[in-house]
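What follows is a set of notes on a single structure, which appears directly below.
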Protein chains: 2
Amino acid sequence: MTIIQSLARGLEILDMLADAEQGMGIGEFAHHLNVDKSSASRLLHTLASYGYAEQDADTRRFTLGPRVVTLSNRVLNRMPLRDHAHPFLRRLTHETGECSHLAILSQGRALYIDQVESPSILRVESEIGTMSPLHCTALGKVLLAFSRHAQVDSLPLFTPRTITDPEALKLHIEQVRRQGYASDDEEHVQGVRCIAAPVYGFNGRVVGAIGISGPAGRVSYEKLPALTETLIGLADELSRRLGSSR
Amino acid sequence: MTIIQSLARGLEILDMLADAEQGMGIGEFAHHLNVDKSSASRLLHTLASYGYAEQDADTRRFTLGPRVVTLSNRVLNRMPLRDHAHPFLRRLTHETGECSHLAILSQGRALYIDQVESPSILRVESEIGTMSPLHCTALGKVLLAFSRHAQVDSLPLFTPRTITDPEALKLHIEQVRRQGYASDDEEHVQGVRCIAAPVYGFNGRVVGAIGISGPAGRVSYEKLPALTETLIGLADELSRRLGSSR
DNA sequence: CAACGATGTTGCGCAATATGCAACTAAAGA
DNA sequence: TCTTTAGTTGCATATTGCGCAACATCGTTG
């Protein structure tokens, strides 16, 4: 499987642009890509001419262009999973009082593609389009446990409770697979506890995961069994709606 | 300005993917790009390896990958509301003849971050950067009604019409929420009447408000329905421009 | 069941194309 | 005004992407 170098470089530039809050200049791109300024210049202008990058007229720096917004809308609108899942997220939040999310596997991360926010003032903020690590989030663990090609390369530490030992994670994921849901007990963000369950598609494969996140004080150990039962019930109902025969 | 051919081809593939509801096969790409199947194959796999395209395991057809959702999220988060709203303010002033404003919530006040002044001699003076109270201005009421973290501590009296009773304000804000716009009938400055409507961002949250202000003699009760219709139309169009799906 | 067609991938030689260098331009500081 | 920093363009070179053809993989049909 041959990779086209100049296309790959262009895509890497997009990745860099995604992380550059204040935009970047030609020189920085050249440096990061280990190419000459001239090459970077030509790549950037190619991206710009297609609307994937935008150049500030004054500073000459480049930022991500609006073209990706259109593409994103296409992606999200075509996701039947999202349309079917949304009412379930609403019910999930309604019945639990906590913020609910829908995530899919993307590039070895959990990509949040929908959410319904908790009505309470104290809540977990998050955004559609963000990607979270698999090893320390409930949604991520579910995707890791039930998807075929899911893998983790590294296990960075986020909180004292983050699992960083590959063997421990393996056992943990085995357990997730057995019990049919996953939890995240302040392993990603201090004070935030989550649970998640898999969503199965018509072919019996896991197509995504839904879950809730809330402050540890509210998502208490006593409430967890009830919350988990609600969650799994809704996840299974959604799976059946999607044509899963499970 | 030289264009890098293979990057351009990759971006053209993204454009094609954006329009392909059901995905596309290698052959179709090759045909549309006038290249050999082999080249199309390599380009597609390069895109796929970066998450910009995705291949259905069964049909082998390619669709847009979820990577663009993340990029879009970055773009939208960085979108300076001001830049996008300005042309709408111009249109608003052009169509109504009154001064128009863009405001966001800041520190429990309405912060005016942009304006377009009325062409007429008799006009309401105001400055970008000023902050107005929420309880007695149209923009403020909209932000109060539609933003989450908005709250008012005190209700100081400005004119005889200023609402100073918390309960009355609560009911008033409920009404604003129901009708989708707010008005200020000389409640802040004697002789000045305003209307305002919410502006929604890509995530469906209210990111700001736009409105018009004018002398009560010109912004008459008879004209209000027409002015309100214009305002709401522009506010909604701006919201859509910002990626709101409402 | 074998032969076929449709679709996609890989190896390879060739030439088109992307690259780096250097010269040039433009803008910003000193 | 001179210097520094940042980016663009021309050009020669060889790297890189290209098409061709052979191969692989399905699914179909006689």
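In what follows, every chain begins at residue 1, and chains take the letters A, B, ... in the order their sequences are listed.
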Base versus backbone protein contacts along nucleotides 10-30 of chain C [heavy-atom cut-off under 4.0 Å; B, S, -]:
B------SSBBB---------
For A/Lys141 and A/His135, which I'm curious about, is there any donor-acceptor pair between the side chains at under 3.5 Å?
no
With distance as the sole criterion, is a donor-acceptor pair present between the side chains of A/Tyr50 and B/Glu12 under 3.5 Å?
yes
Under 4.0 Å between a Lys/Arg side-chain N and an Asp/Glu carboxylate O for A/Arg240 and A/Glu237?
no
Over how many whole Å does the gap from A/Phe62 atom CZ to D/dT8 atom C1' extend?
11 Å
Integer-rounded Å distance: C/dG8 C1' and B/Gln55 CD:
9 Å
Rounded to 10 degrees, the angle between the two terminal axes of the helix from C/dC1-D/dG30 to C/dA30-D/dT1, each from five pairs
30°
Are a donor atom and an acceptor atom from the side chains of A/Ser6 and B/Ser6 found within less than 3.5 Å of each other?
yes
Atom CZ of B/Arg90 and atom NE2 of B/His86: how far apart are they, to the nearest 0.5 Å?
5.0 Å
Answer yes if the side chains of B/Thr46 and B/Arg42 hold a donor-acceptor pair under 3.5 Å, and no otherwise.
no
For the residue pair A/Ser100 / A/Thr93, report whether a side-chain donor-acceptor contact shorter than 3.5 Å exists.
yes
Using side-chain hydrogen bond (donor to acceptor under 3.5 Å, both in side chains) as the criterion, point out the one residue from B/Gln55, B/Glu28, B/Glu54 that pairs with B/Arg61.
B/Glu28
